[in-house]
Amino acid sequence: RLDDSVNAVLEQAAALLPAGTHASVSQGWLQEAYRPGAGWGEAFRVWMQRLFAPLGLLFFDPMDIDRADLLRGFLAPFASGRETLSTEVARATEQIRSSGYNAQVDFHPERAFLFFLHPEAGRRRVVERSPGRFAVDGTELAWTSGEWPEILDRHAAAFSPDALLRPVFQDWLFPTVAYVGGPAEIAYQAQSRTLYDAWNLVPPLLWPRSNATLVSPGAERRAAQLGLDPAAIILRRDEDLLAEVLTAQGHLEPLQRFQA
């Protein structure tokens, strides 16, 4: 939780804000959210609620609720279906790589899908799978597939889905029609979408998040001097463009020496 030292940080932040009505309002919101005694998650939620209040957004903190019943219901079929889940993700990962792309998650079937929040062994530990059993990495906690219902009944709140299983858990909790995400989030979905069948869920439609690059007046003038279109530079993003610019300016030789 935040202690009294956060007040000094807030004073530094206030000094960086330009003078004006919005600065004083923002400062007040920050002080309201990031106050001594507040948790990091709570402070971030209060700050976001203030910023996006007109939009009516729903904020959900999975660490701030009784998670046991939710995770118990979601993970009930996990042990019996884990091998199928591994096979499906491995196939999706191979398809991504064979298409010339990098997989967002370096998939290791024996260490995939779940973490265990252990109070003594470094907090978050990987739930590993070996023939006939599960084990929590770095601990003595282990169980067989047949013991899964008992383990889940006793420790449900300690389990945490990893990056592959988390989107499925989110959409199991909150049925989702469409998901707006950046490149990384959509890349996660490319590997995990086949997991939805195991929970009888329909994957959401994916919509790329809008992206924009601000071009300063100075950069725009310099690009014009070089005969370049800023939009074309951003869209290409290749090394040949640099060679073309240097060739046009008669300065290709330094690049060639550098690459030699």
Side-chain angles (χ1 to χ4, degrees), residues 41 44-67 69-109 111-115 124 126-127 156 159-215 231-238:
F44 180 76
R45 172 181 55 79
V46 172
W47 171 240
M48 290 293 103
Q49 283 178 321
R50 282 297 191 182
L51 289 177
F52 296 102
L55 301 180
L57 295 182
L58 174 66
F59 293 86
F60 176 77
D61 185 352
M63 304 304 293
D64 196 34
I65 61 169
D66 183 0
R67 308 183 322 140
D69 287 342
L70 291 175
L71 283 162
R72 191 177 293 116
F74 176 72
L75 293 175
F78 175 76
S80 60
R82 191 190 186 285
E83 298 307 317
T84 300
L85 302 181
S86 294
T87 300
E88 293 296 331
V89 174
R91 182 182 297 115
T93 302
E94 179 57 31
Q95 289 176 344
I96 291 169
R97 289 172 175 162
S98 63
S99 298
Y101 298 97
N102 293 323
Q104 186 71 9
V105 176
D106 188 11
F107 182 62
H108 297 280
R111 294 174 60 84
F113 302 125
L114 280 180
F115 294 108
R124 193 173 77 166
V126 174
V127 176
F159 288 101
S160 176
D162 70 1
L164 288 170
L165 196 55
R166 193 175 303 123
V168 186
F169 182 43
Q170 291 173 174
D171 293 335
W172 182 82
L173 284 174
F174 303 107
T176 307
V177 174
Y179 179 83
V180 180
E185 291 84 4
I186 291 180
Y188 281 125
Q189 285 275 346
Q191 281 182 277
S192 65
R193 286 177 79 76
T194 55
L195 301 179
Y196 282 76
D197 286 344
W199 280 268
N200 296 316
L201 296 174
V202 177
L205 296 173
L206 301 181
W207 190 264
R209 185 179 62 219
S210 297
N211 291 293
T213 299
L214 299 178
V215 181
I233 298 173
I234 294 168
L235 291 174
R236 285 188 55 177
R237 296 179 182 272
D238 58 47

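Keep in mind that this is a model prediction, so the values were computed, not measured.
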**Study point:** Distance-minimising heavy-atom pair for Phe115 and Val126
**Key:** CE2-CG2, 3.8 Å

Study note, to complete from the structure: Rounding to 0.5 Å, atoms CE (Met48) and CG (Leu55) come to a distance of 12.0 Å

Practice item. Supply the atom-to-atom distance Ser192 OG to Arg166 CZ, rounded to the nearest 0.5 angstrom. Key: 10.5 Å

Review point. So, for Pro161 and Leu71, which heavy atoms are closest and what is the spacing to 0.1 Å?
Key: CD-CD2, 4.2 Å

Review point. Which is it for Phe60 and Phe174 under the ring pair (Phe, Tyr, Trp, His ring centres under 6.0 Å) test, yes or no, and what are the steps along the way?
Key: CA-CA 10 Å; Phe60 176 77; Phe174 303 107; 5.2 Å; yes

Review point. What pairs with Phe107 under ring-ring contact (aromatic ring centres under 6.0 Å, His included), at least two apart in sequence or on another chain?
Key: none

Revision key, fill the gap. With sequence neighbours left out, the residues meeting side chain to side chain contact (heavy atoms under 4.5 Å, CB included) with Val180 are Trp207, Arg209

Review point. Within the side chain of Gln191, is there an N or O that forms a donor-acceptor pair under 3.5 Å with the backbone of Val105?
Key: yes

**Study point:** side-chain hydrogen bond (donor to acceptor under 3.5 Å, both in side chains) pairs, two or more places apart, involving residues 176-186
**Key:** Asp171-Thr176

Check your understanding: Out of curiosity, Arg111 CZ to Asp106 CG, how far, rounded to the nearest 0.5 Å?
Key -> 11.0 Å

Practice item. Locate the shortest heavy-atom distance separating Ala103 from Thr93; write the atom from each residue and the value. Key: CB-CG2, 3.8 Å

Practice item. Go through the structure and list residues passing side chain to side chain contact (heavy atoms under 4.5 Å, CB included) with Trp199, not counting sequence neighbours. Key: Phe74, Pro77, Leu85, Leu165, Val168, Trp172, Leu201

Check your understanding: In Å, rounded to the nearest 0.5 Å, how long is the span from CZ of Phe44 to CD of Gln49?
Key -> 11.0 Å

Check your understanding: Could you state the interatomic distance from CG (Leu164) to CZ (Arg193), rounded to the nearest 0.5 Å?
Key -> 13.5 Å

Revision key, fill the gap. So the side-chain hydrogen bond (donor to acceptor under 3.5 Å, both in side chains) pairs with at least one residue in residues 73-92 (sequence neighbours excluded) are Arg82-Ser86, Glu83-Arg129, Glu88-Arg91

Review point. Do Phe159 and Arg72 have side-chain heavy atoms sitting under 4.5 Å apart?
Key: no

**Study point:** Any residue meeting side chain to side chain donor-acceptor pair (under 3.5 Å) with Gln104, in chain and number order, not counting sequence neighbours
**Key:** none

Practice item. For Leu214, look at atom CG and say whether over 12 heavy atoms of other residues, nucleotides or ligands are found less than 6.0 Å away. Key: no

Point to revise | More than 12 heavy atoms of other groups within 6.0 Å of Phe59 CZ | key: yes

Exercise for review: Search all heavy atoms of Leu70 against all heavy atoms of Leu173 and return the closest pair with its distance.
Suggested key: CD2-CD2, 3.7 Å

